[in-house]
Amino acid sequence: MSNKKVRTRFAPSPTGYMHIGNLRTALYAYLFAKSQHGDFILRIEDTDRARYVADAVEFIENTLKLAKIKPDEGPHDGGNFAPYIQSERKEIYKKYAEELVSKDFAYYEEGENGVAIRQRMPKTGETTFYDVLHGNITIANEELEDQILLKSDGMPTYNFANVIDDHLMEITHIIRGTEFITSTPKHVLLYQYFGWEIPTFIHLAPVMGKAEDGSVSKLSKRHGATSFGDLVDMGYLPEAITNYVALLGWNPKNTNQEIFSMDELIDIFSLDGLSKSPAVFDYDKLNWMSSEYFKKMSDEEFAEAARKYVKLDENLSAKFVYLSSLLKTRVTKLNEIQESIEFLMTMPDFDSELFINKRNKVNVEKSIEILTPALEMLEKISAEDWTVDNLNEKISAFTANTGLKVGTVMWPLRIAISNKKVTPGGVTEILYLLGREISLNRIKQSLDNLKNL
RNA sequence: GGCGCCUUGGUCAAGUGGUUAAGACUCCAGCCUCUCACGCUGGCUACAUGGGUUCGAAUCCCAUAGGCGUCACCA
């Protein structure tokens, strides 16, 4: 066994939806295979006709691609063990099921819909299997029901097909969720009936979600987004999601590093870093990791990633790379951007309360007093000199002349051009983004509004 | 309910008989500062409970409790 090439597989059913828990299972199977210079196989388990969703296979492949998980073999990639879609392997299962019947390890059963084949379980004794995370697990055979191997429609059940395929496809390590622990003895019995080598099992703890009332349960719709696609739609970078998910139930040895590229993960991954207790999906941590990725991007990279999530006017579009430099450190997910920059395109409603700021010693009267000469000063700056650096220089000089604190001048100015308490960037950045004409108009308008109170 | 798995701060987690029980996220305080953010400092909070074993237990054993899973012609 130790000399055999490691081969793992990800075997989802075609539902057109990639649950975070499933993605993590695929990730670990991939990381383990690659860390051992082995193969990672994608196999579609579509033996339940009722559950089939159109284009699901393509969806799964696209999702894995986005997550940078690359199958060595699969429906699209092909391989020596094709086909990799179970519905196309129907005859194979039938042959093996009949072999079991001939050896009396299984039997035919007449049902409402036709004839099915059922596995015969021993009534006494117990079955033990080894799991890398849990050690030996033993279950009494009397707990095992005679299960259906081949359904009356000719399709195999999961419990049968997975054993046949894992053996035929030479899978060495089965990485899947803990929900399969109690059915594993049935699989082991099957391997024994056929005289096949039993693969190594690794049953992963589930990914949990936390509800608003604080209760914890398996991650589901009630916890908000639960799929990789949902998270991408919200504007989390695929790399950040994968990185976060990798650490949900696994952690590297001898390091506190948390930000990993896929290559680094492959390099450092090992089975003994896997944890056997459930992990709660935590948006706070995901947000932090997401922002770490944003901060590491260049302005251009961030702008490119963010473009798909925003609607800009001509002016802002031209300055978006610069805007991105301001947004990078302030965003946790891309779908937050639009709201935070909307004020640059449409002036929010006037609110005199915003001009009152105790810390900077400003109120309405003071604002009028400052804004009036400030407007005159700014009007003298030409459109071509309307740059962040120059604006900063002029405003600083203006402030020095007034003898006021910097904040006392900056506060009303910023409010006058934004009508927002919090903005991404300060006065000079916003003046630049707005451009000379719009900036001046906004200040005039705000000044009028203040005087007409 | 039977069977199985799990149990270190609010969350992710180091730790494999002797530690002041790491680190990260969140939160709080301070510094920086043209708002916010970034950055920097510092701080709060944990071994589920009860028995053993041992000179010594978060680490080993046994109970109890709680959580989760499974008992389909679903996967």
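Every chain is numbered from 1 and lettered A, B, ... according to where its sequence line falls, protein lines coming before strand lines. Source: prediction; values computed, not measured.
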Asker: Go ahead and name the base partner of B:A48; Watson-Crick or wobble counts if both distances stay under 3.5 Å, otherwise write none.
Answerer: B:U64
Asker: Of all the nucleotides listed (B:C3, B:A75, B:C12), which has the minimum atom distance to the side chain of A:K151?
Answerer: B:A75
Asker: Quantified in whole Å, what is the P atom distance between nucleotide B:U20 and nucleotide B:A57?
Answerer: 15 Å
Asker: Taking only the side-chain nitrogens and oxygens of A:T178, find out if one of them lies under 4.0 Å from OP1 or OP2 of B:U70.
Answerer: no
Asker: Here's a test of your reading of the structure: between A:E179 and A:D153, which maps to the more 5' nucleotide of RNA chain B?
Answerer: A:E179
Asker: Could you tell me whether A:T428 contacts a base, only the sugar-phosphate backbone, or nothing, with contacts defined as non-hydrogen atoms closer than 4.0 Å?
Answerer: base
Asker: Can you confirm if the aromatic rings of A:W250 and A:F269 lie within a centre distance of less than 6.0 Å?
Answerer: yes
Asker: Going by an N to O cut-off under 4.0 Å, is there a salt bridge joining A:E379 and A:K444?
Answerer: yes
Asker: Considering Watson-Crick and G-U wobble pairs with both distances under 3.5 Å, what does B:G1 pair with?
Answerer: B:C71
Asker: Pick the C1' atom in B:G50 and in B:A13, then give their distance to the nearest Å.
Answerer: 27 Å
Asker: A:K210 side chain: which of B:G10, B:U35, B:A75 is closest?
Answerer: B:G10
Asker: Take atom CG of A:D284 and atom C1' of B:C25, then tell me their distance rounded to the nearest Å.
Answerer: 7 Å
Asker: How far does the C1' atom of B:U59 sit from the matching atom of B:U16, given to the nearest Å?
Answerer: 6 Å
Asker: Would you indicate what A:F180 reaches in the nucleic acid, counting non-hydrogen atoms under 4.0 angstrom: base, sugar-phosphate, or nothing?
Answerer: base
Asker: Can you identify which nucleotide, out of B:C3, B:U11, B:C36, has its nearest atom closest to the A:R330 side chain?
Answerer: B:C36
Asker: Counting heavy atoms from C-beta on, name the nucleotide in B:A14, B:C34, B:C12 closest to the side chain of A:N251.
Answerer: B:A14
Asker: Test for a donor-acceptor pair under 3.5 Å between the base of B:C74 and the side chain of A:R51, counting only N and O atoms.
Answerer: yes
Asker: So, under a plain 3.5 Å distance rule, would you say the side chain of A:T157 forms a donor-acceptor pair with the base of B:C73?
Answerer: no
Asker: Nearest whole Å is fine: how far is B:C34 C1' from A:M410 CE?
Answerer: 4 Å
Asker: Quick one: label A:N162 by what it contacts on the DNA or RNA (base, sugar-phosphate, nothing), any heavy atom closer than 4.0 Å.
Answerer: nothing
Asker: Considering only side-chain heavy atoms of A:K285, which listed nucleotide, B:A75, B:C25, B:C5, is closest?
Answerer: B:C25
Asker: Could you check which nucleotide pairs with B:U19 in any of the strands shown, counting Watson-Crick or G-U wobble with both distances under 3.5 Å?
Answerer: none
Asker: Can you tell me if the side-chain N/O atoms of A:K295 get under 4.0 Å from OP1 or OP2 in B:G39?
Answerer: yes
Asker: Any strand is fair game: report the nucleotide pairing with B:C40 by Watson-Crick or G-U wobble, both distances under 3.5 Å, or none.
Answerer: B:G30
Asker: Is the distance from OP1 or OP2 of B:C5 to the nearest side-chain N or O of A:H203 less than 4.0 Å?
Answerer: no
Asker: Examine A:H203 together with A:F180 and report whether their ring centres are nearer than 6.0 Å.
Answerer: no
Asker: Tell me: CG of A:N256 to C1' of B:A13, nearest whole Å?
Answerer: 10 Å
Asker: Using the P atom in both, what is the distance from B:G9 to B:A48, to the nearest Å?
Answerer: 7 Å
Asker: Students often get this wrong, so: under 4.0 angstrom with heavy atoms, is A:R176 touching a base, only sugar-phosphate, or nothing?
Answerer: nothing
Asker: If you look at every strand shown and take non-hydrogen atoms under 4.0 Å, does A:T47 touch a base, only sugar-phosphate, or nothing?
Answerer: sugar-phosphate
Asker: Are A:R330 and A:E336 ion-paired here, with the side-chain N under 4.0 Å from a carboxylate O?
Answerer: no
Asker: Less than 4.0 angstrom from a charged side-chain N to a carboxylate O is my criterion; do A:E258 and A:K285 meet it?
Answerer: yes
Asker: Of all the choices, B:A75, B:C3, B:A13, which nucleotide is nearest to the side chain of A:D48 once you look at every atom?
Answerer: B:A75
Asker: Per the ring-ring contact (aromatic ring centres under 6.0 Å, His included) rule, which among A:W288, A:F281, A:Y236, A:Y293 passes with A:Y244?
Answerer: A:F281
Asker: Give the nucleotide from the list B:A75, B:A24, B:C25 with an atom nearest to the side chain of A:D282.
Answerer: B:C25
Asker: Which one of A:T200, A:I181, A:I198 satisfies the side chain to side chain contact (heavy atoms under 4.5 Å, CB included) criterion with A:F129?
Answerer: A:I181
Asker: Any ion pair linking A:D165 and A:R9 (charged N to carboxylate O, less than 4.0 Å)?
Answerer: no
Asker: Considering only side-chain heavy atoms of A:K276, which listed nucleotide, B:U7, B:G39, B:U35, is closest?
Answerer: B:U7
Asker: Ring centres of A:Y322 and A:F320 under 6.0 Å apart?
Answerer: no
Asker: I'd like the C1' distance from B:G69 over to B:U53, given in whole Å.
Answerer: 32 Å
Asker: Nearest-Å distance, CG (A:D299) to P (B:C38)?
Answerer: 17 Å
Asker: Atom CG of A:N22 and atom P of B:C74: how far apart are they, to the nearest Å?
Answerer: 19 Å
Asker: Categorize A:G425 for me: base, sugar-phosphate, or nothing, with a 4.0 angstrom heavy-atom threshold over every strand shown.
Answerer: base
Asker: Could you check whether the side chain of A:K253 and the base of B:A14 have a donor-acceptor pair of N or O atoms closer than 3.5 Å, going by distance alone?
Answerer: no
Asker: Could you work out the separation of B:U11 and B:C32 based on their C1' atoms and round it to a whole Å?
Answerer: 30 Å
Asker: Counting only side-chain heavy atoms from C-beta out, which of B:C73, B:C34, B:C36 sits nearest to A:V422?
Answerer: B:C36
Asker: Once you round it to whole Å, what is the distance between P of B:G67 and CD1 of A:I181?
Answerer: 19 Å
Asker: Round to the nearest Å and state the distance from A:L286 atom CG to B:A13 atom P.
Answerer: 14 Å
Asker: Taking atom C1' in both B:G23 and B:C3, compute the distance separating them and give it to the nearest angstrom.
Answerer: 38 Å
Asker: For A:L354 and B:U35, give me the distance from atom CG to atom P, rounded to whole Å.
Answerer: 16 Å
Asker: Would you measure the distance from the C1' atom in B:G15 across to the matching atom in B:A21 and give it in whole Å?
Answerer: 8 Å
Asker: 5'-most contact on RNA chain B: A:R118 or A:V427, nearest heavy atom basis?
Answerer: A:V427
Asker: Could you please name the option among B:C74, B:C6, B:C38 that lies closest to any side-chain atom of A:T329?
Answerer: B:C38
Asker: Has the side chain of A:S152 got a donor or acceptor atom sitting under 3.5 Å from an opposite partner on the base of B:C73?
Answerer: yes
